[in-house]
Amino acid sequence: MRKTPVAIAGSALVTLVLTACGGGNAYCDEIKAAENDIGGISNPQDLTLGDFEKAADRFDDIAEEAPDSVTKEWQNTADTLDKLTEAFEDAGAESSSKLTDVVADPKFAQAAQSLSGDLTAVNTDMQKVNTNVKEECDIDLGGTSGS
């Protein structure tokens with residue numbers, strides 16, 4: 001069965017539902033601060049465009065603070081989420097729109113299909129990020145087991 005872009009993006013974002021404390025630098029502090037904006041996206045059925053936009057903004061913020069070893073991965077993920085946000089908006093989604101309602105729109109389906117390679121790269125990038133965050137911040141992002 002094919003995963004929908006909402007589920008793929010949601011699983012990438014869920015990796016930031018933090019399960020441990022860490023910190024001591026701007027990068028780690030930014031990740032910890034992102035929990036409130038990203039923690040609520042664990043259920044794609046209830047995810048709105050506004051929720052998704054907040055989470056995407058947080059990825060941009062984290063990318064700015066990320067160490068050189070993972071800056072590219074954070075920025076690629078942030079860029080992909082920004083593109084996905086645009087696809088939702090192009091399909092007529094508003095801030096309060098549930099994203100599961102938008103995925104059936106042919107405009108969204110076409111845009112999401114063009115992002116499939118980017119979404120696959122997000123999963124790969126987040127594996128490297130997870131390792132880095134665990135080592136650098138002692139924060140377990142989880143969420144990247146191969147389910």
Query raised in the report: Under a 4.5 Å cut-off applied to non-hydrogen side-chain atoms, are Val133 and Trp74 in contact?
Result: yes

Report summary line: side-chain contact (heavy atoms from CB on, under 4.5 Å) test vs Val122 passes for just one of Val129, Asn76, Thr80, namely Thr80

Sequence neighbours left out, cut at 3.5 Å: what donor-acceptor pairs do the side chains of residues 103-111 make with other protein atoms?
from, atom 1, to, atom 2, distance (Å)
Asp105, OD1, Lys107, N, 2.7

Query raised in the report: Can you find a pair of side-chain heavy atoms, one from Lys134 and one from Ile139, that are under 4.5 Å apart?
Result: no

**Report entry** Glu89 and its side-chain contact (heavy atoms from CB on, under 4.5 Å) partner, picked from Val102, Leu84, Leu49
**Finding:** Leu49

**Report entry** Pair Thr48-Asp51, side-chain donor/acceptor within less than 3.5 Å
**Finding:** yes

Query - Heavy-atom pair with the smallest gap, counting every atom of Glu53 and Ser95 - result: OE1-OG, 4.3 Å

Requested in this report: Walk me through it: do Val70 and Thr131 pass the test side chain to side chain contact (heavy atoms under 4.5 Å, CB included)?
Outcome: CA-CA 10 Å; Val70 290; Thr131 300; over 6 Å; no

Query - Flag side-chain contact, heavy atom, 4.5 Å: Leu47 against Lys98 - result: no

Query - Beyond-backbone contact of Gln127 with Glu73, side-chain heavy atoms, under 4.5 angstrom - result: no

**Report entry** Polar side chain donor-acceptor pair, Asp79 to Gln75, under 3.5 angstrom
**Finding:** yes

Requested in this report: Start with the C-alpha distance between Cys137 and Tyr27, add both sets of side-chain angles, then the distance that settles side chain to side chain contact (heavy atoms under 4.5 Å, CB included), and finish with yes or no.
Outcome: CA-CA 8 Å; Cys137 305; Tyr27 173 58; 3.9 Å; yes

Query raised in the report: So, does Asn130 use its side chain to make a donor-acceptor pair with the main chain of Met126 at under 3.5 Å?
Result: yes

